Amino acid sequence: MPTDNERRYQERLDRYTTAMDAGKPDKVPIRINFNEVAAVYAGYSLQEIYYDFDKNLAAGTRIVEDFDLDVAPFPPSLWWAGQHDAVGARYLRFAGRDLDIDTQFQFVEGEYMLPEDYDAFIADPTRWLLDVYLPRIHADMAEPGSYRAGLALIRGTWGLQELLTKQAQAGAAWAALGMPTGATGIGKAPFDTLGDTLRGMRGILLDLHRRPDKIIAATEMLVPHNIYYAVASAGGDTEAPDFMPLHRGALPFLNPVQWDTYYWPSLKAVIEGLWAQGKRTIFYAEADWTPYLERIAELPDHSIVFHVDQTDMARAKEVLGGRFCLSGGVPNYLLAYGSEGEVRDYVKQLLDTYAADGGFIIDTCSVLQMDAKIPNLFALVETARTYGVY
Amino acid sequence: MTNQTTTADPGADAPPPGVCVPFTKKLDELGGVKGDESLVRGAWEELDAAAYMYLWFWVHR
C-alpha cells in the first residue's frame, strides 16, 4: 500500500511525463525554479545559502513543503561558494565575500580561453582543461605542480563530491515528500560551451569573423563531450529531462546565416544524441527564439520541452505544438510588479490559450529573480492548480 | 590570469568523452596484471571517468 507521499510522487511524475510527451494529463503541471527567492522565503541571507549548502537545501525544502508544485525546484543556489573559494575561482563574485550579503552572485565573464588555444583545445580538450584552463581560472592552480596547486586540486575534487552528495540527498528527501525531480543533468549547446565559460561573448563574436573555421571545428568536437556530460551528470537517469540553458542562440546575437552555420548543427546533434539514449532535453530558450522555430521543429517528436521566455508563444504553439511540449509563459515582470489579481487573471488566460490541448507546463518565463513577490508566486501556483484541471 | 598556452600535437589521439587516460595505456604502464584484468579495468575506468567529469564541470558550470 503506497503512502500518501508515494502516491503524490507518482501522480506528479505521471502528470509531468504525460505533458512532456505532448499529451493531456489530469492537470497542467507546475514547474517553477525559485532560485534565490527561496532564500528570501525561508528567511536566509544570500550569503547563507551560497556558503552553507545545508541552508541552501533547507530553503528548497521549504518550497517543496509549502508550494503545490509538480516537480522539485533546483536548490536556491546552484553554486556552493566554498567550493569555488577552495580553488581561488576568478570568475564568480559571491554575497558576503565580494558583495553585500543579499546581492545575487555575479559571473565575471572573460576570455578564459585565448584565440591561440583553439588548436590544442580541439586536439585534446580534456588535457587542455587540466594543463591550461584550470590554472588560468583558478588562482590557486596558477603554478601547476606547486604545493598550492596540489591542494587546490584536492580541495576542489572533494568539494565537487560533497556538492553532488548533498544534491543527491536533497533530491531523495524531496522525493520522499512526494515531489519528483524536474531535471537531471546539465547540457549545453556546443556554441554556448565556447561562448559562456571559454571564449566569452566578446571572444566568440570576434571569432565568427576572424576564425570561423575554428568555431566549426570546436563545436563539432564538443558534440560527443556534451552528450556524455549531460548523461553522466544525470547519473544515467532518463526519466527526467536534461536541463539545457541556451544563451547565444537567442535573437539578436547571431544573424540567421550565422545561426544556421555555427549554432544549430552542433546543438541539433547534441539533442538528437541525447534522445537516441532516451534522454529528453529542456530546451530552455532564454530571450527570443521566434525566428528559429521552424528549424527547431526538425527535432524528433517529444525530444525537447521548448521553454518560452520572450519567444512568441502563439507562434511556438503553431509551429511546435502537438509534437513538443511547451513550458513557461508567466513573465517575471508580472511577478515583480503586478498584483495577485493580475497574476491570477494572467494565468487563467495563459491556460485557456495555450494549455487546453495538453503538452504544456506552466513556469516563469525566465530565471526567477529576487524582486518576485511571494504572494504573487502563491497566486500563480494556486490558480494554476485550481484552474488548470482538464 | 596566466597566459600559458599549448600547441596542438597533430599526432595526438585524444581520448573519447569520459576518458582521461585509457586503461590500455595504464595497462602498458603496469606491464600486465596477474589476476582478473576486468576488476582492475573497472576500478580504473570508474575513477578516470570521475576525473573527466571534474575537469569538464568547470566548463559546464
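Not measured: the values here are computed from a predicted model. Sequence lines set the chain letters: A, B, ... in the order given, protein chains first and strands last, and positions in each chain run from 1.
Residues of residues 54-61 of chain B that come within less than 4.5 angstrom of chain A, heavy atom to heavy atom, are B:Y54, B:L55, B:W56, B:F57, B:W58, B:V59, B:H60, B:R61 in numerical order. Heavy-atom neighbours of chain A within the stretch residues 22-47 of chain B, taken at a separation under 4.5 angstrom, are nonexistent.
Between A:Y112 and A:F107, the ring planes are tilted. Angles from 30° to 60° get that label. In this structure, A:W128 and A:F121 have perpendicular ring planes: the angle between them is above 60°, well past the 30° mark.
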What's the verdict on side chain to side chain contact (heavy atoms under 4.5 Å, CB included) for A:W80 and A:K166, showing C-alpha distance, side-chain angles and the deciding distance?
CA-CA 11 Å; A:W80 177 27; A:K166 291 192 173 186; 5.9 Å; no
Salt bridge (Lys or Arg N to Asp or Glu O under 4.0 Å), that's the test. Do A:E111 and A:R202 meet it? Break it down for me.
CA-CA 8 Å; A:E111 292 188 33; A:R202 177 180 179 277; 2.7 Å; yes
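Only the side chain of A:L163 has a heavy atom closer than 4.5 Å to any heavy atom of chain B. Of the two parts of A:P125, the backbone and the side chain both hold a non-hydrogen atom closer than 4.5 Å to a non-hydrogen atom of chain B. Looking at A:L164, neither its backbone nor its side chain comes within 4.5 Å of chain B, counting heavy atoms on both sides.
Contact count versus chain B (heavy atoms, under 4.5 Å) is highest, among A:R127, A:H84, A:H138, A:M113, for A:H138. With respect to chain B, the highest number of heavy-atom pairs below 4.5 Å among A:I186, A:I137, A:L134, A:I227 belongs to A:L134.
No side-chain heavy atom of A:K279 sits under 4.5 Å from any side-chain heavy atom of A:P241. Residues A:D242 and A:L274 form a side-chain contact, since some pair of their non-hydrogen atoms from C-beta on lies under 4.5 Å apart. Within the 4.5 Å cutoff, the side chain of A:I282 has heavy atoms near those of the A:F243 side chain.
Checked by atom type, the side-chain pair A:D207/A:Y118 shows a donor-acceptor distance below 3.5 Å. Side-chain N/O atoms of A:Y50 and A:Q104 include no donor and acceptor closer than 3.5 Å. Under 3.5 Å, the side chains of B:Y52 and A:H225 contain a donor-acceptor pair of N or O atoms. There is no side-chain donor-acceptor pair under 3.5 Å between A:Y133 and A:D117.
In this structure, A:E109 contributes its side chain and A:T197 its backbone to no donor-acceptor pair below 3.5 Å.
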